[in-house]
Amino acid sequence: MTVTLFELCGADPDLRFSPFCWRSRLALAHKGLEVESMPWRFTEIERLEFADYDKVPVLVDGDKVVTDSWNIAVYLEATYPDRPALFAGGPAAQRFMNAWADTVLNPALGRMILCDIPALLTPKGRDYFLTSREKRFGMSVEAFTAGREARLPALRELFAPVRAVLRHQPFLGGSGPDYGDYAVMGSLMWARCVSPLALLDPADEVYAWRERMLDLHGGLARKAPCVESQRL
Ligand SMILES: N[C@@H](CCC(=O)N[C@@H](CS)C(=O)NCC(=O)O)C(=O)O
């Protein structure tokens, strides 16, 4: 059974850096499904017309088309219940982690790493990205991320609830990962793939957890192309 996943890529089609696509990629690996990955660039709106959507990830499973990373996780859990669970005990805790990553972590990470993205895009993608983000944030991405090193301690502090859980168990899901882990890891993969910044302190539990996450599913995340300085 092979499913197709449309994923954001850079000028290099192998550079996949969307936090939302990473959630879906890891969720598909957790379910043990084979994936045909379709690289998609910001300006290729017409390639998603079949899905009536303008963002990725988009999942195609037979005649079923699913948009939005959370909907994809819910679909996978409902369609493949006999495979490892993404939401053991129901989706409440994972929904919270997903919402925390969307509303707290991703905005904070964006202020650290958005300025690293344009160099990784095609010229057309770069124009689109710079114009659309300037419109969204009311300033250039350089201004948006200015002084980012000084915000590193605050960024690390944001992980306090994640750290508190990881003091008691190796994964947010318990003894193994669940969708809550993938929701947060998606954000860290976004950063790892595009930015040279060392966001986490190696002495931090969150760093050790990220190492475990990088090794899951045959090292899927660790082997993924990323900026040179993160290739450890
Ligand atoms: N809520 C959506 C968000 C998807 C999203 O924003 N995807 C970005 C890639 S990271 C995108 O496709 N952006 C297109 C654009 O900015 O034009 C999800 O969870 O899948």
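Start at 1 and go down the list; that is how both ligands and their atoms are numbered.
Of the residues Tyr179, Phe96, Tyr182, the one that meets the ring pair (Phe, Tyr, Trp, His ring centres under 6.0 Å) test with Trp70 is Tyr179. Exactly one residue among Arg231, Gln230, Arg192 makes a side-chain contact (heavy atoms from CB on, under 4.5 Å) with Arg222. That residue is Arg192.
Looking at every heavy atom in both residues, Trp22 comes nearest to Arg16 through NE1-O, 2.8 Å.
Contact atoms of ligand 1 toward Pro57: 20 (O) (distance under 4.0 Å to a heavy atom of the residue). Below 4.0 Å from some heavy atom of Arg133 lie the following atoms of ligand 1, by number and element: 16 (O).
If you check which protein heavy atom lies closest to atom 19 (O) of ligand 1, you get Ser69 OG, 2.6 Å. Of all protein heavy atoms, the one lying nearest to atom 10 (S) of ligand 1 is Ser18 OG, 3.1 Å. From the protein, the heavy atom lying nearest to atom 6 (O) of ligand 1 is Lys55 CD, 3.4 Å.
At a 4.0 Å heavy-atom cut-off, ligand 1 does not touch Glu7 at all. Contacts with ligand 1 closer than 4.0 Å are made by no heavy atom of Trp190, backbone or side chain.
With distances taken over non-hydrogen atoms, the option nearest atom 3 (C) of ligand 1 out of Phe17, Phe42, Phe20, Trp40 is Phe20. Nearest to atom 15 (C) of ligand 1 by heavy-atom distance, out of Trp22, Tyr128, Trp70, is Tyr128. Of the candidates Asn71, Leu8, Val56, Asp68, Val56 brings a heavy atom nearest to atom 4 (C) of ligand 1.
Not close to ligand 1: Ser132, with no non-hydrogen atom less than 4.0 angstrom away. Ligand 1 does not have Arg41 within reach: every non-hydrogen atom of the residue lies 4.0 Å or more from it.
Asp204 has no carboxylate O lying under 4.0 Å from a charged side-chain N of Arg210, or vice versa, which leaves the two without a salt bridge. For the pair Arg212 and Asp181, the salt-bridge criterion is not met [side-chain N within less than 4.0 Å of a carboxylate O].
Put simply, CZ on Phe129 and CG on Leu120 are 9.5 Å apart, with the number rounded to the nearest 0.5 Å.
In terms of modelled atom types and a separation under 3.5 Å, the side chain of Asp178 and the main chain of Ala88 share no donor-acceptor contact. In this structure a side-chain-to-backbone donor-acceptor pair under 3.5 Å is missing from Lys124 to Thr43.
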